[in-house]
Number of protein chains: 2
Amino acid sequence: MADPQDRVDKMIHELKEHGFRVTPQRLAVLKILAASHGHPSVEMIFERIKPDFPTTSLATIYKTVNLLKDLREVVELDFSGESNRYDGNKPYPHPHLNCTKCKSIVDADVDGLTELAQHLAKKTGYQILTHRLDFFGICPRCQETQ
Amino acid sequence: MADPQDRVDKMIHELKEHGFRVTPQRLAVLKILAASHGHPSVEMIFERIKPDFPTTSLATIYKTVNLLKDLREVVELDFSGESNRYDGNKPYPHPHLNCTKCKSIVDADVDGLTELAQHLAKKTGYQILTHRLDFFGICPRCQETQ
DNA sequence: TTCTCAAGAAAGAATGATTATCCCTTCACT
DNA sequence: AGTGAAGGGATAATCATTCTTTCTTGAGAA
């Protein structure tokens, strides 16, 4: 896990670099994303911001998250039928373990993916820009509690 | 690529096995899924069925596809923001190459994924049920035509 | 310090894929 | 032929996300 403070600083830098303001709402959002406890959804970020900024609207969170995604400071994990989840701590593709019961998402430790992508690119002629590897199952905690 | 006719037969068998009827509409849908040219979306299946069954509704396609998914005869590739895509030819998890321009999806040739999943399961305590590996980029054809 | 204006935020409407509901039709079995 | 459950058609409902409009704010100019 990268140091959340470093990530916050990097994100602030990128925003300023591209002429975007660092508003209190944005700062609150990117702090949560930089720590990325459990890969939050927009809704989760919204809930955690409410106490500090009760007037912030969901649309603002969406816009901020998408802005950071465009700046490549946040990775989006999209799931149709459920809310998308976001990772601002490791803003590059990496594998995840998804619990289908409690909906938790944790990083999985697998390497060689980048090399594999390069190999595939060479073999198929595709210009590969990103990838995604997800495992779905039941986490140990959910197995205990049935 | 599995023989489409074999897949059709298998799907018909599974439907009957579980007490579901094989209606003309269902047969039309599963024939398309068994061949799975380009991993069609529900909308694409709908368009291809229209000429033969002009009165079929989208809802029927959705219901049939989900029924086959529940029977594990079809794999769903879901994309938030876009339509889900389906593969009834290889109804087990396998990697895909996705072109972000023309939205085509082709099978990628990568193996060792199942073993990797088993290894991860042992290491993390997760009960891994399925997985998904996608590469996103530009296909050779789209690179040519800019 | 005030003024000005573009960027940002808030609120709610709009979008679009998917699912649910309702009702009619069809088929398997008497 | 009669009956009851499963399937199909049409449309409404849902829900995450995006768009639109209007209001607010803040940085730099005067």
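What you are looking at is a predicted structure, and each value in this text was computed from that prediction instead of being measured. Labels below follow one simple rule: chain letters A, B, ... track the order of the sequence lines, proteins then strands, and each chain is numbered from 1.
A donor-acceptor distance shorter than 3.5 angstrom exists from the side chain of B:Arg26 to the backbone of B:Arg21, with no hydrogens or angles considered.
If you check residues 43-65 of chain B against DNA chain D, the residues with a heavy atom closer than 4.0 Å are B:Thr55, B:Thr56, B:Ser57, B:Ala59, B:Thr60, B:Lys63, listed by number.
Going from atom CG of A:Leu27 over to atom P of D:dG26 covers 14 Å, rounded to whole Å. We find that CZ of A:Arg26 is positioned 11 Å from P of C:dA10, with the value rounded to whole Å. In this entry the distance linking CG of A:Asp78 with P of C:dA17 reads 15 Å, nearest Å. One can place CZ of B:Phe79 at 18 Å from C1' of D:dA16, the figure rounded to the nearest angstrom. Separating the CZ atom of A:Arg85 from the C1' atom of D:dT17 is a distance of 17 Å, rounded to the nearest angstrom. With rounding to whole Å, B:Glu82 atom CD is found 19 Å from D:dA16 atom P. Between B:Leu67 atom CG and C:dT19 atom P the separation is 13 Å, expressed in whole Å.
For A:Ala2, the side-chain contact (heavy atoms from CB on, under 4.5 Å) partners two or more places apart in sequence, or in a different chain, are A:Arg7, A:Asn89. With sequence neighbours left out, the side chain to side chain donor-acceptor pair (under 3.5 Å) criterion links A:Lys10 to A:Glu73. A:Ser80 pairs by the side chain to side chain donor-acceptor pair (under 3.5 Å) definition with B:Asp78, B:Asn84, not counting sequence neighbours. Taking A:Asp3 as the reference, A:Gln5, A:Asp6 meet the side-chain contact (heavy atoms from CB on, under 4.5 Å) condition, with sequence neighbours excluded. Shown here are the side chain to side chain donor-acceptor pair (under 3.5 Å) partners of B:Glu43, two or more places apart in sequence or in another chain: there are none.
Using a 4.5 Å heavy-atom cutoff, the side chains of B:Phe20 and B:Leu67 are in contact.
If you chain together ILVMFWY residues whose side-chain heavy atoms come under 4.5 Å of each other, A:Tyr92 ends up in a group of its own.
At the phosphate of D:dT25, neither OP1 nor OP2 sits under 4.0 Å from any side-chain N or O atom of A:Thr23. Put simply, A:Asn84 has a side-chain N or O that comes within less than 4.0 Å of OP1 or OP2 on D:dT17. Between A:Asn66 and the phosphate of D:dT17, there is no side-chain N or O to OP1/OP2 separation shorter than 4.0 Å.
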Return a table of donor-acceptor pairs under 3.5 angstrom between the side chains of residues 108-130 of chain B and protein atoms on other chains or two or more places apart.
from	atom 1	to	atom 2	distance (Å)
B:Thr124	OG1	B:Leu120	O	2.7
B:Thr124	OG1	B:Tyr126	N	3.3

Listing, residues 31-39 of chain B side-chain donor-acceptor contacts under 3.5 Å, not counting sequence neighbours, or none:
from	atom 1	to	atom 2	distance (Å)
B:Ser36	OG	B:Leu33	O	2.5
B:Ser36	OG	B:Gly88	N	2.8
B:His39	ND1	B:Ile105	O	2.9
B:His39	NE2	B:Asp87	OD2	3.1
B:His39	NE2	B:His96	NE2	3.2
B:His39	NE2	B:Asp107	OD1	3.0

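Rounded to 10°, the angle separating the first-five-pair axis and the last-five-pair axis of the helix from C:dT1-D:dA30 to C:dT30-D:dA1 equals 20°.
For residues 41-66 of chain A, no residue pair satisfies the ring-ring contact (aromatic ring centres under 6.0 Å, His included) rule, not counting sequence neighbours.
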Exercise. Could you run down nucleotides 23-30 of chain C 5' to 3' and tag each one B, S or - for protein heavy-atom contact under 4.0 Å?
Worked result: ---BB---
